[in-house]
Amino acid sequence: MAIEARNVSKRFGDFVALDDVSVEVESGSLTALLGPSGSGKSTLLRVIAGLEQPDTGAVFISGKEATVLAPQKRGVGFVFQHYAPFKHMTVWENVAFGLKIRRRPKAEIRARVDQLLDLVQLAGLGKRYPAQLSGGQRQRMALARALAPEPEVLLLDEPFGALDARVRAELREWLRRLHDEVHVTTVFVTHDQEEALELADRIVVMNRGRVEQIAPPRELYDHPENAFVMSFVGPVNRLGDAWVRPHDVELRLEPNGSTQEAQIERIVRLGFETRVELVRDDGERLSAQLSRDEADELELEPGQIVYVRATRQRTFSA
Amino acid sequence: MIGRYLLRFGALGYLGVVLLAPVALIFWRTFEHGWHPFWAAISNPDAVHALKLTLEVTLIAVPLNTVFGILCGLAIVRHRLPAMGLVNALVDLPLALSPVVVGLALILVYGPGGWLHGLPFKVLFSFPAILLATMFVSLPFVVREVVPVLREIGTDQEEAAATLGASSFATFRRITLPAIRWAVAYGVVLTMARSLGEFGAVSVVSGNVVGHTQTLTLYVQDAYANQFNETGAYSASVLLALLAIATLLLMTMFRPKEETRGDRGA
Amino acid sequence: MKGAGGGWAHFWDAASNPEAVAALKLTLWLSAGVVAINALSGTAIAWVLVRDRFAGKGLVNALIDLPFALPTIVASLTLLALYSPRSEIGKHVAYTRIGLLLALLFVTLPFVVRTVQPVLLELDREMEEAAASLGAGRLAIFRRVVFPNLLPAVLSGVALAFARAIGEFGAVVLISGNRPFKTEVASLYIFGRVNTDPAGAAALSVELLVISLAVLLSIGGIRRWATRHDR
């Protein structure tokens, strides 16, 4: 195990940020801590990095107990949400910082920094100051800076949170490729389930300071252990006691034994997919996701009455 | 449009009458008979001694208050000690307190019957009292400049340095200090201005002995009010005013610029 | 502080000395005048420095700090030079209360300007444009949008000016003439009695100290009140 948090709890005043959390992260993996704001995911990351002290519990890094170790001694790289660039240093100096602190020979520092700037596609921008970079460039600089001392684990706090949608998607893909190249054990925090599903090997879903489920993306999506996970990792409808994903809602023009009646309120065409928003006669709303061909075939119109059925559904004991 | 000009000339006129006219006049009075009287007046041994004393006090008070100011700022912002709210309020006290009251307080503490009376060396009416009074009144300036900047830069960069392996001292030297350096510089300039110009507190505790415990500001007052030596007073004033103008230039250089403030993440 | 060293009765005796009461009263009246004038002139100067454009604005901006940089005794001497009987302008306000007021206005000039200026700089112009688009006239925009945003800065600026004015010594020492019941302010009263009547000096000092503390606390209160929207 590269990282292990064992029964970690942490309070801030009355607020319970972490409540008996245990998480293991395998060497070389890319793990996401996923949860809504206030779920404790960032606190857990900061506890692993040594930036917060847990009230109880223990943290192990590469098999060694690290609970009371100072952040300087943990061998972790940390990328902050707003990147925390050293504003008074150039990009090159930012990346070199961790190596200079370790008093590495000048030639080695030069080679390593140049190699990293190449890796994060900032070669040629080394003389600039952070204020002269775009958001995405600053993010990559922060990443290079964290990687420079060759940390055993890389921790990223909402790494794409402050970027606009397009840069975000690009960087996401790029980070995945980078991870495949560098192979450093990586943990990142996100509140965006799509980001977690797309990037991570394993996802830790957190809510209100507890771990709800730990699983690979596909398993998490297909076999959520409870209603929170089900609703957090993707859109859902309630059909009575059951939870149904919009793409598991089937629409028919004629009733049959297991269908329920609903009226189409709105049809949204998003390129390949078509989303149909419906209101049932008891007032419940639900949405169905169809491919464009399916929707065209049914010739749906707003106001029309249709019959809905769940092709796959899940129920959870309360 | 007319309103705008009215406001502009009203504001500038006020500045002219309240601020500029008196200062301009004293320069004119000093130099109305040329350089020679000015030079003669300020090379008078008493004036030279007063200037030296003022500079000595400033050279000791400014570094001490700078170090104290930085440490105190760090303690207020970075360490949540229970007493720090109180310290934060008390640090401003010298700004709100009459210098005469400061001087009186020193007399009561170090004088006969005071808590610190009977130290092995003389405090009141000698150099230590002048230094203490000057340090007291110029204490808040570095703290007040450093605190908001420390608040604003936040702890992100310091934490980043820690995760990259920097010790607390290395973090302070390489990250925190460079980030607050302009605020410190501005605070130092203000401290310097106040130290050079302090009059009230020093006049109470110094004893005002010509050639011994008379600072330059005391010399100005003594020359004008007691020696009826107008030229001497004006000349020393002009010297102080020139120091003030030099300070002003430094202040303008170091004043926190709007572009460098509030650029979090930009 | 040893002002109450001889017990309350002793303190009260010293503090209610008619000359001390007169000095304190005069000090408070003058400081109130300083507050009123600075609130207006300081805001106007800050406004001109931020919103107006004219040649030499940078120089004027730098000059604002002159009273902070200039030793108070020099300020006192310069005012005396201008307003004394020998003066070229022929206005003899030296040794009068007007002279005191001018000296105090000189040393307190930067406070309101320097607290209002940054707020005005950061004030979102879109707010004023929004008000204009909603039909507010220029006066209404100032009164309802700009002024409420400046008020906390103006208040903390005048509080600082007030604190400075009640304690000021250097700037008034030469121009006051120090006539008891006429032009003797609190700091001069204290200074005059440091050696001859320490108890009397200490009593008035304690009063000034209490007022200073109250001002400091009120500045803290203003700051908290001013940031109430941000929390």
Side-chain angles (χ1 to χ4, degrees), chain B residues 3-4 7-8 10-12 14-15 18-23 25-26 29 89 92-93 95-101 103-105 107-108 111 113-114 190 193-194 196-200 203-204 216-218 220-221 224-225 233-234 237-238 240-241 243-245 247-249 251-252 255 258 262, chain C residues 1-2 41 44-45 47-49 52 54 58 60-75 77-82 87-88 102 105-106 109 118 121-122 160 163-164 166-170 173-174 186-187 190-191 194 198 201-202 205 208-209 212-213 215-217 219-220:
Chain B
R4 189 175 135 187
L7 195 60
R8 181 193 297 177
L12 294 181
Y14 181 88
L15 281 177
V18 172
L19 198 65
L20 221 49
V23 178
L25 184 66
I26 204 158
R29 281 275 175 82
D92 280 347
L93 192 60
L95 290 180
L97 209 53
S98 174
V100 180
V101 174
L104 183 66
I107 289 210
L108 293 177
L190 291 172
R194 189 64 205 257
L196 288 172
E198 179 46 32
F199 171 73
S203 73
V204 175
L216 198 53
T217 52
L218 294 177
V220 169
Q221 192 239 0
Y224 187 85
Y234 284 150
S237 283
V238 162
L240 281 165
L243 285 173
I245 288 167
T247 316
L248 206 59
L249 287 176
M251 271 158 99
T252 313
R255 171 156 337 106
E258 291 312 310
Chain C
M1 213 65 193
K2 296 217 157 179
S41 65
I45 292 168
W47 182 275
V48 168
L49 285 177
D52 205 352
F54 54 91
V60 175
N61 190 27
L63 275 178
I64 299 292
D65 285 330
L66 190 61
F68 280 164
L70 198 69
T72 51
I73 187 71
V74 177
L77 196 63
T78 59
L79 289 164
L80 201 54
L82 188 61
S87 164
E88 283 74 358
L102 282 168
L105 286 176
F106 181 96
L109 182 126
L121 262 175
E122 267 177 43
L160 287 167
R164 178 70 192 260
I166 29 174
E168 184 50 41
F169 176 67
V173 67
L174 293 178
S187 60
I190 296 168
F191 184 76
V194 165
S205 292
L208 285 190
L209 183 71
S212 301
L213 283 174
V215 171
L216 273 189
L217 289 177
I219 293 174

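Chain identifiers are assigned alphabetically (A, B, ...) following the order of the sequence lines, protein sequences preceding nucleic acid strands; residue numbering begins at 1 within each chain. On a predicted model such as this, the values are computed, not experimentally measured, just so you know.
Contact of C/V74 with chain B is made through backbone and side chain together, with heavy-atom distances under 4.5 Å. For chain C, no part of B/L218 is nearby; none of its heavy atoms comes within less than 4.5 Å. For B/L240, the parts sitting under 4.5 Å from any heavy atom of chain C are the backbone and the side chain alike. Residue contact with chain B, scored on non-hydrogen atoms closer than 4.5 Å, involves the side chain of C/L109 exclusively. Proximity to chain C is limited to the side chain of B/L20, based on heavy atoms less than 4.5 angstrom apart. Residue contact with chain B, scored on non-hydrogen atoms closer than 4.5 Å, involves the backbone and the side chain of C/L77 alike. Both the backbone and the side chain of C/T72 come within less than 4.5 Å of a heavy atom of chain B.
Comparing C/P67, C/A163, C/A69 by heavy-atom pairs within less than 4.5 Å of chain B, the highest count is held by C/A69. No other option in C/L160, C/V60, C/I73, C/V194 has as many heavy-atom pairs under 4.5 Å with chain B as C/I73. Ranking C/P198, C/S187, C/A44, C/G58 against chain B, the residue ahead of the rest is C/S187, based on heavy-atom pairs under 4.5 Å. Among B/L12, B/D92, B/L19, the residue making the largest number of heavy-atom pairs under 4.5 Å with chain C is B/L19. Considering only heavy-atom pairs separated by less than 4.5 Å from chain C, the leading option among B/G103, B/S203, B/P99 is B/S203. Note on C/I64, C/L66, C/L102: by heavy-atom pairs under 4.5 Å with chain B, the leading option is C/L66.
Under a 3.5 Å cut-off, the side chain of C/S212 and the backbone N or O of B/A96 do form a donor-acceptor pair. Side-chain atoms of B/T217 come within 3.5 Å of backbone atoms of B/E198 as a donor-acceptor pair (strictly under, hydrogens ignored).
Nearest heavy atom pair, residue B/T247 against residue B/A193, reads CG2-CB, 3.6 Å. Here the closest heavy-atom approach between residue B/A225 and residue C/L174 is recorded as CB-CD2, 4.2 Å. Taking every heavy atom of both residues into account, B/S237 and B/V220 meet most closely at OG-CG1, 3.4 Å. The nearest pair of heavy atoms linking C/L79 to B/P22 is CD2-CG, 3.8 Å. Heavy-atom minimum distance, B/R8 versus C/V48: CA-CG2, 3.8 Å.
Screening C/L208, C/L209, C/L213 for a side-chain contact (heavy atoms from CB on, under 4.5 Å) with B/L97, the sole residue that qualifies is C/L209.
Ring-plane geometry between B/F199 and C/F169 is classed as parallel, the angle between the planes falling under 30 degrees on a 0 to 90 degree scale with a further cut at 60.
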